[in-house]
Amino acid sequence: ETGVTQTPRHLVMGMTNKKSLKCEQHLGHNAMYWYKQSAKKPLELMFVYSLEERVENNSVPSRFSPECPNSSHLFLHLHTLQPEDSALYLCASSQDFTSTDTQYFGPGTRLTVL
Amino acid sequence: GDSVTQMEGPVTLSEEAFLTINCTYTATGYPSLFWYVQYPGEGLQLLLKATKADDKGSNKGFEATYRKETTSFHLEKGSVQVSDSAVYFCALNPNTNAGKSTFGDGTTLTVKP
């Protein structure tokens, strides 16, 4: 595997379910990100980790819980979601946490909440 | 706070037409500027970037110049192809760190044969 991979690619869940999204980067990067991409809305940065420490949390509801066990893996744990949480969730990584760093994105998980 | 404003889409062009997608930004200091492209069913990928004023980023025939005086980073291509059909995002990273990346709304480009 190369680049940034995300699993599953598609997920349908009910509002009472608990599920997790997984992201893995094979680039040796030190920073990882979760974004939410909804139709007709700008890309929303949710969480940022640098060297496995959370450095940014943009007022995301507590029903989204991130976990970064090491610099290659990032999870997004989901519970009691709402239908408005349906979106494409993108993971990204960058070499470091500096202004000039390019972010490398995975293909995303398409989440539908029923 | 920082902001990025992109030309509204969708944009529809014929093959070999000239493309411009406007992008202006508001930020303190000297941010780094990026254009990302998203093809259907995929994540975003870097198209080009510029990290200081007057730098020109270029890739695959696309170009954009970092204009500090007009706070702009317009994307151009002289002759588009059907395969360029995608959504294009202008983005900035503030000069302090990448943790507060700001993206534009995206511009959908469709190129017809």
B/Q81 atom CD, over 12 foreign heavy atoms within 6.0 Å
yes

Any side-chain heavy atom of B/F103 sitting closer than 4.5 Å to one from A/Q37?
no

Check the surroundings of atom NZ in B/K56: do more than 12 heavy atoms from other residues, nucleotides or ligands lie under 6.0 Å from it?
no

Distance from A/Y33 atom OH to B/S101 atom OG, nearest 0.5 Å?
6.0 Å

Can you get from B/Y66 to B/F62 by hopping between Ile, Leu, Val, Met, Phe, Trp and Tyr side chains that sit under 4.5 Å apart?
yes

Has B/E15 got more than 12 heavy atoms of other residues, nucleotides or ligands less than 6.0 Å from its CD?
yes

Between B/L92, B/L33, B/D105, B/T102, the one whose heavy-atom pairs under 4.5 Å with chain A are most numerous:
B/D105

Would you mind checking which part of A/R9 comes under 4.5 Å of any heavy atom in chain B, side chain (CB onward), backbone (N, CA, C, O), both or neither?
side chain

Would A/M46 and A/Y104 show up in the same hydrophobic cluster when neighbours are defined by side-chain heavy atoms closer than 4.5 Å?
no

Interatomic spacing from OH in B/Y36 to OG1 in A/T102 - rounded to 0.5 Å:
5.0 Å

Part of residues 75-93 of chain A lying next to chain B, heavy-atom separation under 4.5 Å
A/L88, A/L90

Heavy-atom closest contact (A/S99 atom, B/P31 atom, distance):
OG-C, 4.4 Å

Does any backbone or side-chain atom of B/Q38 lie under 4.5 Å from a heavy atom of chain A? Answer side chain, backbone, both or neither.
side chain

Do you reckon B/V87 sits in the same ILVMFWY cluster as B/L75, going by side-chain contacts under 4.5 Å, direct or chained?
no

For B/Y30, is the OH atom crowded, meaning more than 12 foreign heavy atoms sit under 6.0 Å from it?
no

Connected via hydrophobic side-chain network under 4.5 Å: A/W34 and A/F64:
yes

Of all of A/T100, A/V4, A/L43, which one pairs up most often with chain B through heavy atoms under 4.5 Å apart?
A/T100

Do you know which of B/N93, B/L46, B/L44 makes side chain to side chain contact (heavy atoms under 4.5 Å, CB included) with A/Q103?
B/N93

For the hydrophobic clusters of this structure (ILVMFWY residues joined by side-chain heavy atoms under 4.5 Å, transitively), does one cluster hold both B/W35 and B/V4?
yes

